[in-house]
Amino acid sequence: MFSEPCTCTGVRMTQCLNEGAYVMKFDYLIVGAGLSGAVFAHEACAAGKRVLVVEKRGTVGGNAMTELVEGIHVHRYGAHIFHTNDRRVWEYMQRFARFNRYTNSPVANYKGELYSLPFSMYTFNQMWGVRTPGEAAREIERQRKEAGITIPRNLEEQAISLVGRDIFEKLIRGYTEKQWGRDCRDLPAFIIKRLPVRLTYDNNYFDALYQGIPTEGYTQLIERMLAGAEVRLGVDFLQHRDEYDALADKIVYTGPIDAYFGYALGALQYRSVRFEHETLDMRNYQGNAVVNYTDRETPYTRIIEHKWFQFGLDAQGNELPRTVISREYSSEWRPGDEPFYPVNDDQNMALYRRYQALADREEKVIFCGRLAEYRYYDMDAAVARALELCDREFRA
Ligand code: FAD
Ligand code: UDP
């Protein structure tokens with residue numbers, strides 16, 4: 001069902017057959033056909049440059065890629081909801097796709113008890129029976145005082161001071177320890193600050209002016225970005241470095257920074273995720289796109305039911321008869337796994353800065369993206385960063 005080659009819409013894509021030296025010379029070699037590489041490729045082509053993109057997977061799109069199964073755009077490497085407050089980025093994305101008006105409102109399942117996410121008046125009402133913002137604020141304050149936290153020093157203390165101990169215990173501790181494989185006291189506070197805390201009845205997961213999902217899927221959007229470039233799939237740059245290095249004047253590298261340097265200073269830590277996809281012969285499995293399992297015992301972190309990202313309808317507006325779900329299992333990255341999340345704690349950040357110093361000396365190479373910059377970039381931040389680098393490169 002989840003075939004390797006992607007359906008291509010006019011991008012010049014070739015599988016690498018290792019047929020010997022390529023003779024054509026390019027201005028830019030872009031390593032990685034994820035969003036960061038695709039934005040850079042598009043801007044370079046628009047500036048009149050000759051661009052070659054190499055991608056080690058058999059598909060473009062990086063982790064945002066989608067594949068059409070049973071009329072459903074399946075987010076094969078995890079659910080991707082585009083959200084941003086940056087109007088330039090939103091308008092930029094509109095050039096490549098039409099977006100629907102999907103708003104993310106996940107449900108948390110704690111041992112069979114259901115709660116709304118993010119932490120809003122709905123959650124506080126479900127947890128404590130409170131009805132007004134004043135009552136919720138007083139309960140949070142009471143629990144914060146009881147915990148005796150003044151300045152939060154880690155994710156656990158940050159969570160308790162934002163939403164109190166009850167919510168921390170039921171909705172945060174188990175999920176976070178599964179997701180990161182670490183105790184909440186050993187994780188940086190910023191991770192939990194990604195989630196809004198609101199004293200309003202608003203369960204939009206994101207504080208974003210603009211939000212949606214491309215109606216024809218991310219793969220098609222990214223193929224449109226890559227339209228002017230030559231794209232070679234199934235090519236691992238690091239395994240053919242000399243050959244590809246010689247092909248272009250400059251390189252934009254979007255893979256893991258430690259891999260680029262052959263792990264010379266040691267390996268950075270990442271979290272990997274295993275996705276278990278299943279097509280079910282039923283219309284509605286869980287009634288929502290995202291259900292998080294926040295207890296420690298359930299082995300997966302969340303189940304995605306992809307059809308709800310498109311309101312249960314196919315491209316013609318007909319109800320979809322079947323459904324596709326994906327369970328996400330988080331694990332520590334080991335060589336050979338896909339790296340998904342950088343672990344931005346103090347120890348890894350110190351090692352990253354040493355790699356960054358090496359990267360600064362690579363005059364021909366631009367390091368760009370979630371893996372190359374070891375940052376927990378959302379898609380909008382990845383696009384903004386790639387555009388910023390393009391501004392420097394082509395419009396300075
Ligand atoms: P990637 O998408 O990782 O692309 C890098 C590409 O480089 C990959 O295709 C890889 O195969 C290729 N590559 C690496 N090394 C080599 C090599 N040596 N040779 C050739 N190719 C190579 N963001 C949101 O805004 N909303 C969301 O809802 C959201 N959900 C997410 C869910 C999950 C599970 C994950 C992991 C991320 C999520 N993100 C989300 C973040 C989003 O995926 C990133 O912001 C975005 O993918 C960054 O794009 P990138 O191009 O920098 O990296
Ligand atoms: N989180 C949690 N419970 C949830 C959802 C998220 O404790 O039900 C925490 C968890 O630590 C997670 C962080 O909040 O890593 C950020 O969540 P987000 O949904 O932004 O994670 P991502 O989409 O990047 O996987």
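Just so you know, ligand 1 is whichever comes first in the structure, and atom 1 is the first atom listed for that ligand.
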H80: ring-ring contact (aromatic ring centres under 6.0 Å, His included) partners, not counting sequence neighbours
none
Contact (N/O only, under 3.5 Å) between [X] and ligand 1:
X	value
E338	no
V31	no
C368	no
G37	no
E328	no
Y377	yes
M379	yes
S36	yes
Y77	no
A79	yes

Pairing donors with acceptors under 3.5 angstrom, does anything connect the side chains of [X] and [Y]?
X	Y	answer
E43	Y92	yes
E113	Y115	yes
R182	Q269	yes

Ligand 2: protein N/O within less than 3.5 Å of ligand N/O:
residue  : atom   : partner : partner atom : Å
ligand 2 : 3 (N)  : L171    : O            : 2.9
ligand 2 : 7 (O)  : I172    : O            : 3.4
ligand 2 : 7 (O)  : T176    : OG1          : 3.0
ligand 2 : 8 (O)  : N292    : ND2          : 2.9
ligand 2 : 11 (O) : T176    : OG1          : 2.8
ligand 2 : 15 (O) : W180    : NE1          : 2.9
ligand 2 : 19 (O) : Y205    : OH           : 2.5
ligand 2 : 20 (O) : R194    : NE           : 2.9
ligand 2 : 20 (O) : R194    : NH2          : 3.1
ligand 2 : 21 (O) : Y376    : OH           : 3.4
ligand 2 : 24 (O) : R194    : NH2          : 3.2
ligand 2 : 24 (O) : Y376    : OH           : 2.5
ligand 2 : 25 (O) : R302    : NH2          : 3.3
ligand 2 : 25 (O) : Y341    : OH           : 2.7

Would the number of heavy atoms belonging to other residues, nucleotides or ligands and lying under 6.0 Å from CZ of R87 be above 12?
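No, CZ of R87 has 12 or fewer neighbouring heavy atoms, counting only those of other groups under 6.0 Å.
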Nearest to atom 21 (N) of ligand 1 by heavy atom, H75, H80, R385, K56: which?
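The residue whose heavy atom sits nearest atom 21 (N) of ligand 1 is K56.
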Quick one: look up the protein heavy atom nearest atom 47 (O) of ligand 1 and list residue, atom name and how far away it is.
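So the nearest neighbour among protein heavy atoms is N63 CB, 4.1 Å.
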Does at least one non-hydrogen atom of T84 fall below 4.0 angstrom from an atom of ligand 1?
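T84: no contact with ligand 1 (<4.0 Å).
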Identify every side-chain donor-acceptor pair in residues 339-347 under 3.5 Å, counting partners at least two apart or on other chains, and give the distances.
residue : atom : partner : partner atom : Å
N344    : ND2  : Y374    : O            : 2.9
D345    : OD1  : N348    : N            : 3.0
D345    : OD1  : N348    : ND2          : 2.8

Ignoring hydrogens and angles, write down the donor-acceptor pairs under 3.5 Å from the side chains of residues 257-268, residues two or more places apart or on other chains.
residue : atom : partner : partner atom : Å
D258    : OD1  : Y270    : OH           : 3.0
D258    : OD2  : L268    : N            : 2.9
Y260    : OH   : E362    : OE1          : 2.6

Is the cationic atom of R370 (NZ for Lys, CZ for Arg) positioned less than 6.0 Å from the six-membered ring centroid of Y377 and within 45 degrees of its normal?
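Here R370 fails the 6.0 Å and 45° test against Y377.
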